[in-house]
2 protein chains.
Amino acid sequence: MHKFKGKEYPCCTSLTMGIIGGKWKTVILYHLMEGTLRYNELRKEIPSVTERTLSLQLKNLETDGVIKRKVYTSKPPLKVEYSLTEFGKTLIPLIKSIADWGDYAVKNH
Amino acid sequence: MHKFKGKEYPCCTSLTMGIIGGKWKTVILYHLMEGTLRYNELRKEIPSVTERTLSLQLKNLETDGVIKRKVYTSKPPLKVEYSLTEFGKTLIPLIKSIADWGDYAVKNH
DNA sequence: CCGTATCCTTTTCGATACTG
DNA sequence: CAGTATCGAAAAGGATACGG
């Protein structure tokens, strides 16, 4: 049994999937791998996600310490940037492997 | 846009997650990495999954061509073995990476 | 031994309208 | 610009009983 942020997982793979699993989280991380993006830039990169869902998933990723959110309040319009934390950056090789296998699967079926 | 087995995915990571995503599929694959297992052996390895869910997820994995199911009908009691297909074996490095990152995350928080 | 059937709860995701 | 509120649908998963 493995613990992370108060949640328990029966397997080390479950723990990883608890953090990056679901329909959108790997997609978000995939786009943040290259660098910082604003909320609307993420929406543009992932047009099929709704505002609500994007917002929720960003919050989940932030709660797990994988991404960080920086707000620039100096003057409207509001500017919010999302980027990987140092901890989140340790996921980059994994996200790349996930993306690569996806490409491979498309080509080989 | 990427296609696999009739389903469409907006990103190559989504495709991978469509196949190995969810609460249980990586756990099942993790245990099948080492070799063939019978249904009840899988239940023993993953005590927290219910029969119904295990059954459904095995079917999903089989449909996507990742695992194969072999039935020995010669004489009761029934014997059913699950193992990775050749295609499924291409997932092994990825499953290992997922497991390794889970271990890493536990240790570093 | 290896599941399926039934019913139910929880989680996730989507559509749309609206706000500081 | 960057979200939240509300409502609802769908998918995933769980509990338990039963069947070939």
Side-chain angles (χ1 to χ4, degrees), chain A residues 5-11 13-14 17-29 31-32 36-64 67-83, chain B residues 5-11 13-14 17-29 31-32 36-64 67-83:
Chain A
K5 302 257 175 190
K7 286 179 207 157
E8 294 199 344
Y9 302 93
C11 174
T13 61
S14 325
M17 296 304 281
I19 295 171
I20 66 164
K23 193 169 173 180
W24 297 111
K25 283 193 285 216
T26 55
V27 185
I28 294 169
L29 294 173
H31 290 292
L32 288 179
T36 300
L37 286 177
R38 296 178 63 177
Y39 179 77
N40 267 6
E41 291 174 331
L42 276 168
R43 290 215 59 199
K44 256 188 153 176
E45 299 275 6
I46 319 171
S48 47
V49 74
T50 62
E51 295 179 351
R52 175 192 136 93
T53 299
L54 178 58
S55 189
L56 284 175
Q57 299 312 318
L58 286 168
K59 230 174 255 175
N60 289 338
L61 288 168
E62 196 189 353
T63 300
D64 282 333
I67 66 172
K68 56 175 180 283
R69 180 177 183 274
K70 186 162 186 190
V71 189
Y72 296 87
T73 37
S74 54
K75 51 181 179 294
L78 203 50
K79 184 174 165 185
V80 181
E81 286 185 345
Y82 293 93
S83 58
Chain B
K5 301 256 175 190
K7 287 179 206 156
E8 294 200 341
Y9 301 93
C11 174
T13 61
S14 324
M17 297 305 280
I19 295 171
I20 66 165
K23 195 170 172 181
W24 297 110
K25 285 194 284 215
T26 56
V27 185
I28 295 170
L29 294 174
H31 290 293
L32 288 179
T36 299
L37 285 177
R38 297 178 61 176
Y39 179 78
N40 266 7
E41 290 174 332
L42 277 168
R43 289 214 60 199
K44 257 187 151 176
E45 299 275 5
I46 320 171
S48 47
V49 74
T50 62
E51 295 179 353
R52 173 193 136 94
T53 300
L54 179 57
S55 189
L56 284 175
Q57 298 313 317
L58 285 168
K59 231 175 255 174
N60 288 338
L61 289 168
E62 196 189 353
T63 301
D64 283 333
I67 65 173
K68 57 175 180 283
R69 182 177 182 273
K70 187 163 185 189
V71 189
Y72 296 87
T73 36
S74 54
K75 51 181 180 294
L78 203 52
K79 184 173 163 185
V80 182
E81 286 185 346
Y82 292 94
S83 58

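Remember, it's a predicted structure, so these values are computed and weren't measured experimentally. Residue numbers begin at 1 in each chain, while the letters A, B, ... track the order of the sequences.
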Task: Under 3.5 Å: donor-acceptor pair, side chain of B:T63, backbone of B:K59 - done: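 A pair under 3.5 Å: yes.
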Task: Expected output: side-chain A:E45 to main-chain A:L42 donor-acceptor under 3.5 Å - done: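 Checking the backbone N and O of A:L42 against the side chain of A:E45, no donor-acceptor pair under 3.5 Å is found.
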Open item on the list: Tell me if the NZ atom of A:K5 is crowded by more than 12 foreign heavy atoms within 6.0 Å.
Closed with: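 Counting neighbours around NZ of A:K5, more than 12 heavy atoms of other residues, nucleotides or ligands fall under 6.0 Å, so yes.
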Open item on the list: Minimum heavy-atom separation for A:S14 and A:Y9, please, with both atom names.
Closed with: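 Reported closest heavy-atom pair: O-CD2, 3.5 Å.
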Task: Close side-chain approach of B:M17 and A:M17, heavy atoms under 4.5 Å - done: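 A side-chain contact under 4.5 Å exists here.
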- [ ] Would you mind reporting whether B:Y82 and B:T36 have side-chain heavy atoms less than 4.5 Å apart?
- [x]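 Not touching, per the 4.5 Å side-chain cut-off.
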Open item on the list: What is the distance, to the nearest angstrom, from the CD1 atom on B:I19 to the C1' atom on D:dA12?
Closed with: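 So the two atoms are 18 Å apart, to the nearest Å.
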Rounded to the nearest 0.5 Å, what's the gap from [atom1] on [X] to [atom2] on [Y]? Could you check?
X	Y	atom1	atom2	result
A:L58	A:I28	CG	CD1	4.5 Å
A:I46	A:E41	CD1	CD	12.0 Å
B:Q57	B:L29	CD	CG	10.5 Å

Task: Along DNA chain C, first and last positions that approach a heavy atom of chain B under 4.0 Å - done: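 Span of nucleotides near chain B: C:dC1 to C:dC7.
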Pairs under 3.5 angstrom, nitrogen or oxygen only, protein versus nucleotides 2-7 of chain D, please.
residue, atom, partner, partner atom, Å
D:dA2, OP1, A:R38, NE, 2.8
D:dA2, OP1, A:R38, NH2, 2.9
D:dA2, OP1, A:V80, N, 3.3
D:dA2, OP2, A:N40, N, 3.2
D:dG3, OP1, A:R69, NE, 3.3
D:dG3, OP1, A:R69, NH2, 2.4
D:dG3, OP1, A:Y82, OH, 3.4
D:dG3, OP2, A:Y82, OH, 2.7
D:dG3, N7, A:E51, OE1, 3.1
D:dG3, O6, A:E51, OE1, 2.7
D:dT4, OP1, A:K59, NZ, 2.9
D:dT4, OP2, A:S55, OG, 2.5
D:dT4, O4, A:E51, OE1, 3.2
D:dT6, O4, A:R52, NH1, 3.4

- [ ] Rounded to 10°, tell me the angle between the two end axes of the helix from C:dC1-D:dG20 to C:dG20-D:dC1, each built from five pairs.
- [x]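 Both end axes considered, the difference amounts to 60°.
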Task: Phosphate-side-chain proximity, B:Q57 and D:dG13, N/O vs OP1/OP2 below 4.0 Å - done: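 Result: yes.
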Task: Salt-bridge contact B:E51-B:R43 (side-chain N to carboxylate O under 4.0 Å) - done: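 Here B:E51 pairs with B:R43 in a salt bridge, since their nearest N and O are under 4.0 Å apart.
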